[in-house]
Amino acid sequence: MQRLLVALLAAFDAAIAAAVGLVVLLAPLTLLWTLAFGVTADWGALWPLTGTLWQFGHGVPLDVTIPDALLVALAIPAEAASFAVSITPLAFLFFTLLFAARSGDRAAKAGAWLLGPLTGTVVFAVISAGVALTTRLEAAATSLPLAIILPTAVYLVGALCGAVRIAWEDGDGGILDRLHDLIDAREDWAPVPVAIMRGAAFALVAVVGASALALAVTTLFRGGEVVALFQAARVDALGATVLTLAQLAYLPTLIVWAASWLAGPGFAVGFGTAVSPAGTQLGVVPGIPVFGLLPENSSIWMLIVVLLPVAAGAFAGWAVRSRLVWEGTPLRMPQRAVIALGIAGVTAGIAGLAAALANGSMGPGRMAVVGPAVVPFVLALGAEVLVGAAILLLSPRHRDELAEERTDRWIAEMTAYDPGYAPAGAEAGVPVAGVSVDASGSDDTAPLDDLRRFERPKDEPADPRD
């Protein structure tokens, strides 16, 4: 009965995630329709647009075709009548990922880490298929297989990440436990996988934070250009609202662009353009207000910003090393090297996936190349994070770590000599500060204060035999 309840709740979570994403699009479109035309919304026109935008927000590219009548009215060249738009507004994708991770987390805590995500994914796939089949637009067509597969894949990844994180820590009594035991059998390497994922999480948070801060600072100094482009667009309050909402949906995408700029490779805003710390080369760009944030020029001294991803790697290395010392699991150099490489690899891989979604086409002609180049971004960010993580993880062990290791070795020798030994103040199954005691009363580590019980008093004369 419990597994059935978990499956039902997971299915409900998936339905809620899809419904909220669609309503977030449908509600403002309905309001804008009512304000613009002063009549009741035409659901027959709004639903296809809502579903198409929802698919686009999950990475499905759009094939835009401008009608002939509009080409003539706006004097648009015939070669610009059709083009692709593939730069994803990542706000919708991140929402689905987070909602799915929350559902997977709940399923794992209920003891069904695999059943919950799979059930939710099936329901989300059914909803995605229904949306794809009922929201076909001639002016902005989407690929039917991609419209079903990509949203479903996003939900599956989020649900599995949330579920596996909990099941790995708590145990599932199945395949994850067997894999956990297999890794634990190699005692020296057992902490490595968790340390890699923990370090990568710290590195990603640091890179995203630095990128968001860079975007905020740029907005502070170049906000006037953004306002000028809003004024040049000559739109009313309704049009300005639409532009603002669209740009907010692209805010996570802009953060990915900023991360590529901090890493060094930068990004393009059209074929033959480049925006990077080493220099800026721009031609004519669209009059989209957010493009007012693009720097007009750069100095070679701006390359100092590449130290920020290095600092992010150092922060991750410090966090991992501190946790290992706190847990009393000092690792040798090979394990630390693997952790540093793993942190850099996972960080670069996730950043590269985000860059692939934030890169593509946004119009005809030269605007078919926009966003960061994936391979240079991955290589640069991975190398910078690796340098920072290696500095902290591979540096010589300091005094506290060596003292902790000596204490552990001393406790092991004392336990072998006297199996009933326990540090002062420790009872069976009762932990004390700095001491880890299991249910049998044995301890893994001892505080340095416990060693003072065996030190020679200051007023006692030295033993000549010493």
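For the numbers below, each heavy atom of this structure counts, side chains included, while hydrogens, waters and symmetry mates do not. Keep in mind that what you see is a predicted model, and the values were worked out from it rather than measured.
Screening V370, L294, V275 for a side-chain contact (heavy atoms from CB on, under 4.5 Å) involving W257 leaves a single residue, V370. With P289 as reference, L243 is the one residue of V227, L243, V235 to meet the side-chain contact (heavy atoms from CB on, under 4.5 Å) rule.
A heavy-atom distance below 4.5 Å is not found between the side chains of E225 and L293. Contact check for I127 versus V131: side-chain heavy atoms found under the 4.5 Å cut-off. Side-chain contact between I288 and L229 is absent, with no heavy atoms from C-beta onward closer than 4.5 Å. Put simply, the side chain of V290 does not reach to within 4.5 Å of the side chain of Y250, judged on heavy atoms. With a 4.5 Å cut-off on side-chain heavy atoms, V375 and L379 count as touching. The shortest side-chain heavy-atom distance between V385 and L381 falls under the 4.5 Å cut-off. T241 has its side chain out of reach of L35: every pair of non-hydrogen atoms, C-beta onward, lies at least 4.5 Å apart. Contact of the V226 side chain with the T219 side chain is not registered, since no non-hydrogen atoms from C-beta on lie closer than 4.5 Å.
A donor-acceptor pair is defined here as one N or O able to donate and one able to accept, closer than 3.5 Å; no such pair exists between the side chain of Y155 and the backbone of V123. With T52 contributing its side chain and L49 its backbone, the two residues share no donor-acceptor pair below 3.5 Å. Panel note: side chain S260, backbone G266; a donor-acceptor pair is recorded below 3.5 Å. Of the possible donor and acceptor atoms, none in the side chain of R102 sits under 3.5 Å from a partner among the backbone N and O of D13. A donor-acceptor pair under 3.5 Å links the side-chain atoms of S86 to the main chain of S361, judged by distance alone.
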As a quick check of understanding, evaluate side-chain contact (heavy atoms from CB on, under 4.5 Å) for T253 and T88, giving each step before the final call. CA-CA 7 Å; T253 306; T88 305; 5.6 Å; no

F56 and V85: side-chain contact (heavy atoms from CB on, under 4.5 Å), yes or no, with the steps? CA-CA 9 Å; F56 180 50; V85 178; 3.6 Å; yes

List the steps, then state whether side-chain contact (heavy atoms from CB on, under 4.5 Å) holds for F124 with T96. CA-CA 10 Å; F124 202 85; T96 300; 3.9 Å; yes

Checking side-chain contact (heavy atoms from CB on, under 4.5 Å) for the pair W54/V24: CA distance, chi angles, key distance, verdict? CA-CA 9 Å; W54 183 78; V24 165; over 6 Å; no

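The CG atom of L303 lies 7.5 Å from the OG atom of S276; values are rounded to the nearest 0.5 Å. Residue M197 holds its CE atom at 11.0 Å from CZ of R165, rounded to the nearest 0.5 Å. One finds the CG atom of L262 at 11.0 Å from the CG atom of L307 (value rounded to the nearest 0.5 Å). Within the model, atoms CG of L254 and CG of L248 stand 10.0 Å from one another, a figure rounded to the nearest 0.5 Å. Taking OG1 of T50 as the start and CG of L26 as the end, the distance is 4.5 Å to the nearest 0.5 Å. A distance of 9.0 Å separates CG in L62 from CG in L137, rounded to the nearest 0.5 Å.
The local environment of CZ in F12 is sparse, with at most 12 non-hydrogen atoms from other residues, nucleotides or ligands closer than 6.0 Å. Crowding of I304 atom CD1: a count of heavy atoms from other residues, nucleotides or ligands under 6.0 Å not exceeding 12. Dense packing is recorded around CH2 of W168, with more than 12 heavy atoms of other residues, nucleotides or ligands lying under 6.0 Å away.
Between A147 and V60 the shortest heavy-atom distance is CA-CG2, 3.8 Å. The shortest heavy-atom contact between A167 and A108 is N-CB, 4.1 Å. Taking both residues in full, the closest heavy atoms of P48 and R136 are given as CB-O, 4.4 Å, listed atom of the first, atom of the second, then distance. Listed here is the closest heavy atom pair of S128 and P151: OG-CB, 3.6 Å. Heavy-atom minimum distance, T119 versus A11: CG2-CB, 4.1 Å. In plain terms, the two heavy atoms of P372 and A355 that are nearest each other are CG-CB, 4.1 Å.
Between F99 and F95, the angle of the ring planes lies from 30° to 60°, which puts this pair in the tilted group.
Taking the side-chain contact (heavy atoms from CB on, under 4.5 Å) definition, one finds that A274 meets it with nothing, sequence neighbours left out.
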